[in-house]
Amino acid sequence: MSDTAAVYQFSAKYLWQDAQWRRDATFGVDSDGRVAAAAGELPDYLDGWVLPGMPNLHSHAFQRAMAGLAERRGPGDDSFWTWRETMYGFAERIDPGSLQAIAAQLYVEMLKAGYTQVCEFHYLHHQPDGTPYAQPEAMSLALIEAAREAGIALTLLPVLYMSGGFDGRALSPRQRRFGHDVDGYMRLLTNLRKHESHHVRVGVALHSLRAIPESAWRGIVEHEALQTGPIHIHIAEQIGEVQDCLAKRGARPVEWLFDHAAVDARWCLVHATHLTDGETTQLARSGAVAGLCPTTEANLGDGLFPLARYLEAGGRLGIGSDSHISISPIEELRWLEYGQRLSTRHRNVAARAAGDSVGETLWREVQKGGAQAADLPIGALDVGKRADFFVLDSESPLLAARDQRSVMDSFLFAGNVSPVRHVMAGGKWVVRDFQHRDEARIAARYRMAVTRLASS
Ligand code: NGQ
Ligand code: ZN
């Protein structure tokens with residue numbers, strides 16, 4: 001038990017704990033923002049359904065401001081790669097001030113949707129021409145500051161990005177601001193680790209296999225600085241990159257990764273979209289997390305993850321809002337399940353056994369996998385963990401006449417108005433009655449920042 005004084009005592013009508021609803025559950029929150037044992041006599045009553053906050057395991061914050069700006073048909077065949085060019089053009093204009101303004105707005109939206117943590121896969125490190133900022137970690141600090149303003153827990157994953165393709169080619173001019181050599185990257189990591197706290201965890205991201213030259217790989221994965229903490233990587237999102245990897249390295253991306261790194265529970269393989277049956281089983285057995293971003297993967301035309309086989313093999317998974325074309329765990333989980341239904345022409349794919357609920361299965365799995373990928377004490381309201389939770393609106397029509405058997409599926413599958421009413425993150429009420437504590441100021445600054453970007 002924590003020895004700091006309890007600042008809140010709660011009694012929840014229903015609390016989602018150990019993958020089931022518990023009636024009249026009590027818990028405390030201490031002054032460090034952690035869950036404490038219930039002690040007080042007069043707890044605040046949370047009248048409704050209370051769920052631990054959802055981790056968001058993949059985000060490129062700046063892309064929030066370009067959501068919707070790549071939906072017009074181009075002159076040729078539109079694809080992931082043409083979207084990427086639009087995205088690069090947008091990325092060029094972002095500086096530390098605009099990044100903070102965009103990220104804070106994004107994080108407010110995440111909290112209101114029930115995400116209480118975010119993994120920021122951050123690669124906009126330098127000035128557009130590749131010159132470091134006077135303070136080399138200025139862009140990372142903008143993200144840390146935005147997370148603090150909004151009140152969301154952050155796993156900052158500075159990205160190592162060295163080459164522009166599987167053949168090890170140099171970065172293109174538009175990629176220059178992403179790049180580091182190994183020493184420069186390790187310096188960044190050391191500097192950022194000084195900012196670690198109860199709210200901020202620093203891990204490692206390797207952008208993708210195509211961004212790390214084969215010759216540098218071993219020195220990186222065996223580097224002392226990479227022997228602890230989470231490691232995230234974009235792995236197999238597009239068929240084109242699977243083919244390229246096969247051509248240049250003689251193996252498919254997941255296959256190659258397993259042959260060249262000790263992939264274990266520290267790893268998160270983002271967009272493990274294109275997997276053979278063998279790779280699916282191997283990934284599931286490794287204990288690593290598959291980082292799925294269903295709305296972005298749909299928006300970009302990536303393909304579908306083999307969900308049923310992966311769950312059958314005991315694989316771990318989590319969700320990310322990635323490009324922020326949508327910021328809602330509800331929508332991520334719906335798309336995850338619906339993609340499977342559309343491609344298999346079956347229903348209730350994620351549920352494993354007769355009588356199992358799709359919503360409960362998915363929520364339980366992605367909460368656990370997300371917490372693992374975030375490497376923070378989150379994902380459940382156990383004593384000592386961060387007090388991150390939200391309360392569903394007990395007056396929401398979509399939850400009327402729902403009980404413990406049906407509420408999760410109705411929450412996830414039945415509506416278009418979010419019933420997330422109150423949100424506590426790190427022991428602070430950040431959202432009350434659907435309003436974030438600082439949303440007017442953060443939205444005003446966001447509007448100014450994107451207006452400036454639009455005219456630059
Ligand atoms: C990214 N996003 O790093 O922002 C990538 C696109 C790339 C997604 N993969 C760029 N969704 O993969 O090269
Ligand atoms: Zn990504």
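Predicted, not measured: the structure shown is a model, and the values here were computed from it. Atoms within each ligand, like the ligands themselves, are counted from 1 in listed order.
- No salt bridge links Asp167 with Lys248; every basic N to acidic carboxylate O contact stays at or beyond 4.0 Å.
- Atom CG of residue Leu304 and atom OH of residue Tyr338 lie 15.0 Å apart, to the nearest 0.5 angstrom.
- Under the 6.0 Å distance and 45° angle rule, Arg84 does not count as a cation-pi partner of Trp81.
- Heavy-atom contacts of Leu300 reach the following atoms of ligand 1: 11 (N) (cutoff under 4.0 Å).
- Between Arg73 and Asp78 there is no salt bridge, since no side-chain nitrogen of the basic residue lies less than 4.0 Å from a carboxylate oxygen of the acidic one.
- Scanning the protein heavy atoms around atom 5 (C) of ligand 1, the nearest turns out to be His234 CE1, 4.0 Å.
- No more than 12 heavy atoms of other residues, nucleotides or ligands sit less than 6.0 Å from atom CZ of Arg285.
- Checking Asn299, Val159, Leu124, Asp322 against atom 11 (N) of ligand 1, the nearest heavy atom belongs to Asp322.
- Proximity of Trp83 to ligand 1, defined as any heavy-atom pair under 4.0 Å, is confined to the side chain (atoms from C-beta onward).
- A salt bridge does not link Glu331 to Arg334: none of the charged nitrogens lies less than 4.0 Å from a carboxylate oxygen.
- Among Tyr123, Phe178, Phe62, the residue whose heavy atom lies closest to atom 4 (O) of ligand 1 is Tyr123.
- Here 3 is the count of protein N, O or S atoms positioned under 2.8 Å from the Zn ion (ligand 2), waters not counted.
- Comparing His271, Gln238, His207 by heavy-atom distance to atom 3 (O) of ligand 1, the nearest is His207.
- Salt-bridge formation is detected for the pair Arg210/Glu241: a Lys NZ or Arg NE/NH1/NH2 atom is positioned less than 4.0 Å from an Asp or Glu carboxylate oxygen.
- Distances shorter than 4.0 angstrom occur between a heavy atom of Gln63 and an atom of ligand 1.
- Only the side chain of Phe80 comes within 4.0 Å of ligand 1, judged by heavy-atom distances.
- Other residues, nucleotides and ligands place no more than 12 heavy atoms under 6.0 Å from the CG atom of Asn416.
- Ionic pairing of Arg364 and Glu360 is not present here: no N-O contact between side-chain nitrogen and carboxylate oxygen is shorter than 4.0 angstrom.
- For atom 10 (C) of ligand 1, the closest non-hydrogen atom on the protein side is Arg84 CD, 3.5 Å.
- Checked against a 6.0 Å centroid threshold, the rings of His274 and His271 do not count as neighbours.
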